Chemist: 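Mind having a look at this structure? Questions to follow.
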Amino acid sequence: MDRLSSHKATKEVVQKHNFKFSKSLGQNFLIDDNVIDKILSGARVSEEDNIIEVGPGIGTLTREMGKTAKKVVAIEIDKSLIPILKETLEEFDNVEVINKDILKVDIQELVKEKLNGGPVKLIANLPYYITTPIVMKFLEEDIPVTDIVVMVQKEVADRMNALPGSKDYGALSIAVQYYCETEIVAKAPRHMFVPQPNVDSTVIGLHVREEKKYKVDNEEIFFKTVKASFGQRRKTLLNSLGGLGFLNKDEIREVLQEANIDEKRRGETLSIEEFANLANKVTEYQNRK
Ligand code: SAM
């Protein structure tokens, strides 16, 4: 069996197993060779790679990764896909399928047990309803991940990739870019999937930096500051930072002055560097109290 990414091949597998697509599990299978090739090259898949895939579906992308990578662990929640994957991935000794909900998997443990302790790459066509929790789980849980190359809804990719001042820039842009360099790898309009979803998709590459780029003294306060600043989009920082809950107006004014940031600016105009500086001043202020 070769590629599964043509409409015909996917249809054959689905029909043979009488598989019923589940909308609530975000089951839209990719049927475009070109995008699959771009995912592999965007993730620079090589024979040294240990890969985690979330939601292999019928194994379309899994097979292509299995042809090159050292090992692929694919986590699929839908048990009705397991016998199909057994068949479509039959010839790959280096691919292991686990029938679990990714949000309930201890990824650190999995990397230790099955992927030689890492490093790992996360490569997937993600189910839309949990894109952000999955990506943030990999970035925040101290997992030795070097690259995340994932298909997500176009609007989510735009937000992850946005620069200060643009309409898409917000807490998600900062949460991702705090850890990674971002890159748009490929566009995947809705007609490249079966069944066809009612949104377009984009493959985004998140390349985790080896060294931290931003000097943040207290990450919890940094992310709280970001959250408060975007809490009410049209408010100036002087007003929105009240959302932190522990600084009064005079104190906010003082902190902004110390950080050299005009109190009339809005969160969406601040670079990550400026947020880091601001959060460090908030932390300093807290420590002095
Ligand atoms: N990789 C396949 C492809 O590209 O054609 C399928 C991608 S489809 C967008 C998303 C896949 O994620 C489905 O197979 C779905 O069953 C699976 N899935 C949904 N929720 C999941 C979860 N919580 N944990 C693991 N897999 C999940």
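Keep in mind it's a predicted model, so treat the numbers as computed, not measured. Atoms within a ligand are numbered from 1 in the order they appear, just like the ligands themselves.
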Chemist: Tell me, which pairs form a salt bridge (Lys or Arg N to Asp or Glu O under 4.0 Å) where one or both residues lie in residues 168-193, sequence neighbours left out?
Modeler: Glu181-Arg209, Arg190-Asp200
Chemist: So, are Arg265 and Glu274 salt-bridged, with charged N and O less than 4.0 Å apart?
Modeler: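 Looking at Glu274 together with Arg265, the answer is yes, because their closest N to O distance falls below 4.0 Å.
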Chemist: Using distance alone, with no hydrogens and no angle criterion, decide if Glu219 and Tyr178 have a side-chain donor and acceptor under 3.5 Å apart.
Modeler: yes
Chemist: Hey, can you pull the donor-acceptor pairs under 3.5 Å for the side chains in residues 106-114, sequence neighbours left out?
Modeler:
from	atom 1	to	atom 2	distance (Å)
Asp106	OD1	Gln108	N	3.2
Asp106	OD1	Glu109	N	3.1
Gln108	NE2	Glu141	O	2.7
Lys114	NZ	Glu96	OE2	2.9

Chemist: Below 4.0 Å from any atom of ligand 1, which residues have a heavy atom? Give them in chain and number order, please.
Modeler: Leu25, Gly26, Gln27, Asn28, Phe29, Leu30, Glu53, Gly55, Pro56, Gly57, Ile75, Glu76, Ile77, Asp78, Leu81, Lys100, Asp101, Ile102, Asn125, Leu126, Pro127, Tyr129, Ile130
Chemist: Show me the pairs that pass side-chain hydrogen bond (donor to acceptor under 3.5 Å, both in side chains) and involve residues 49-59, at least two apart or across chains.
Modeler: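 Output for this query lists Asp49-Lys121, Glu53-Thr62.
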Chemist: Using the rule ring-ring contact (aromatic ring centres under 6.0 Å, His included), only one of Phe230, Tyr214, Phe223 pairs with Phe275; which is it?
Modeler: Phe230
